[in-house]
Protein chains: 2
Amino acid sequence: MHRAVQELVADEANDSLTIPIVAARAGVHATTVYRRWGTVADLLADVTSSRFSGDIVVPDTGSLRGDLERYAYDLAKDLCDPDTLALVRATIGTGGEQGAAACRGERQRQLEAILERDRARGENPPTLERTTDALLAPLYYRAVFTDDPLTPDWTRALVSHLLPD
Amino acid sequence: MHRAVQELVADEANDSLTIPIVAARAGVHATTVYRRWGTVADLLADVTSSRFSGDIVVPDTGSLRGDLERYAYDLAKDLCDPDTLALVRATIGTGGEQGAAACRGERQRQLEAILERDRARGENPPTLERTTDALLAPLYYRAVFTDDPLTPDWTRALVSHLLPD
DNA sequence: ACACAAACGCAGCGATCACTGCGTTTTTAG
DNA sequence: CTAAAAACGCAGTGATCGCTGCGTTTGTGT
């Protein structure tokens, strides 16, 4: 089911995503989807949540800078994937905070884990709010609102602005 | 027509926006909307573009810091408006870069104008890319992806991080 | 093995969408 | 003032959606 949603969101940009369409792609009956998820918004939130929590490993390079550079690089790569991007936009478009939370919740928790580990090393990292503003926000903004590339040089520059020498 | 779209996006979170619904709210026939705009995506892009270019004045406080603080304050206030936020999310949800560009195009031009003016004063402001990453990105990210408030203290802090003493 | 719960599919319904042919009204140009 | 273009509305069509009652199939617990 999740793969059906992702494929449809990717394939049919600008077309409306509906439950019968998703059901057909998943090879199940629409009734099954109505009964289980109810609305396209709930379905998208579910799919997006699990899309972002499946396969990302919190990096551990031994230093905060290394961790953040790796984290930013991985997130940039993920957000550059047209299928991921289409899913994020579709989920945001369902309106409300539920879809938005599904898009960023897991990624924010990973960022927090990185900062926590640095504190556990006795260091003094920036706050989660500051790191979100300096890293997460530009990554998501550039991916969702522009068609500028999310290059490794650019992601490293973001980390450098956050952690000056 | 534009007001009908904005009202509907605001009123009916999670409900699908369709051309007959917009037409009814605007008090015109659906045929008129089909013939003029064609799709909901085109309509939303149009409405969002003009929504963001109507009434914002590029601030001129005499200093870059003052201009950016004012700009960030105004944009935060605008994005905090639930109606504006709903419109942005709906437009992003139409997929593709057209809707995304409609949401940020005008605001990015205003930012560029502020930086150009500072250069005209003989100063050396940060690049548009840097300023976008440090100001626009956090503003849009927090508004669209979270339900955290966009407070004046926070927007001033963003400017301070961009323009250290 | 059996009973029951959960999940699923079929068929069908009312509502709505997306769209178009054609006539009417409004606007514009000369 | 008039003719033509542009914009609009009416009526209608086929397709699809969102949903539900009810039967079937699958899974689970004893």
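Residue numbers start from 1 in every chain, and the chains themselves are labelled A, B, ... in the order their sequence lines are given, proteins ahead of strands.
- As rounded to whole Å, 11 Å separates atom C1' of D:dA15 from atom CD1 of A:Ile21.
- Salt-bridge annotation for A:Asp81 and A:Lys77: absent, with no side-chain N of the basic residue lying under 4.0 Å from a carboxylate O of the acidic one.
- Every residue meeting the salt bridge (charged side-chain N to carboxylate O under 4.0 Å, His left out) condition with A:Arg119, not counting sequence neighbours, appears here in chain and number order: A:Glu116.
- B:Ile19 places its CD1 atom 7 Å from the P atom of C:dC19, with the value rounded to the nearest Å.
- Listed by chain and residue number, A:Arg65 satisfy the side chain to side chain contact (heavy atoms under 4.5 Å, CB included) test with A:Ser160 (two or more places apart in sequence, or in another chain).
- Listed by chain and number, the residues in a side chain to side chain donor-acceptor pair (under 3.5 Å) with A:Glu123 amount to none (sequence neighbours excluded).
- Not counting sequence neighbours, A:Glu69 has no partner by the salt bridge (charged side-chain N to carboxylate O under 4.0 Å, His left out) test.
- Listed by first then second residue, pairs satisfying side chain to side chain donor-acceptor pair (under 3.5 Å) with a partner in residues 137-151 of chain A read A:Arg142-B:Glu129, not counting sequence neighbours.
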Can you check nucleotides 7-11 of chain D for protein contacts, nitrogen or oxygen pairs under 3.5 Å, and list what you find?
unit_1: D:dG9; atom_1: OP2; unit_2: B:His29; atom_2: N; d: 2.7
unit_1: D:dG9; atom_1: OP2; unit_2: B:Thr32; atom_2: OG1; d: 2.5
unit_1: D:dG9; atom_1: O6; unit_2: B:Arg35; atom_2: NH1; d: 2.9
unit_1: D:dC10; atom_1: N4; unit_2: B:Thr31; atom_2: OG1; d: 2.8

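- Distance CG (A:Asp42) to C1' (D:dG18): 14 Å, rounded to an integer number of Å.
- Annotation: side chain to side chain donor-acceptor pair (under 3.5 Å) contacts of A:Ser63 (sequence neighbours excluded): none.
- Residues satisfying the side chain to side chain contact (heavy atoms under 4.5 Å, CB included) test with A:Val144, not counting sequence neighbours, are A:Leu85, A:Val88, A:Arg89, B:Ile92, B:Phe145.
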Below 3.5 Å is the cut-off: list the nitrogen or oxygen pairs between protein and nucleotides 4-6 of chain D, distance only.
none

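- Of the side-chain N and O atoms in A:Tyr34, one or more sit less than 4.0 angstrom from OP1 or OP2 of D:dG18.
- Every residue two or more places apart in sequence or in another chain that forms a side chain to side chain donor-acceptor pair (under 3.5 Å) with B:Thr132 is listed here: B:Gln108.
- Between the two ends of the helix from C:dA1-D:dT30 to C:dG30-D:dC1, each summarised by a five-pair axis, the helix axis turns through 40° (rounded to 10 degrees).
- Taking A:Asp118 as the reference, A:Arg121 meet the side chain to side chain donor-acceptor pair (under 3.5 Å) condition, with sequence neighbours excluded.
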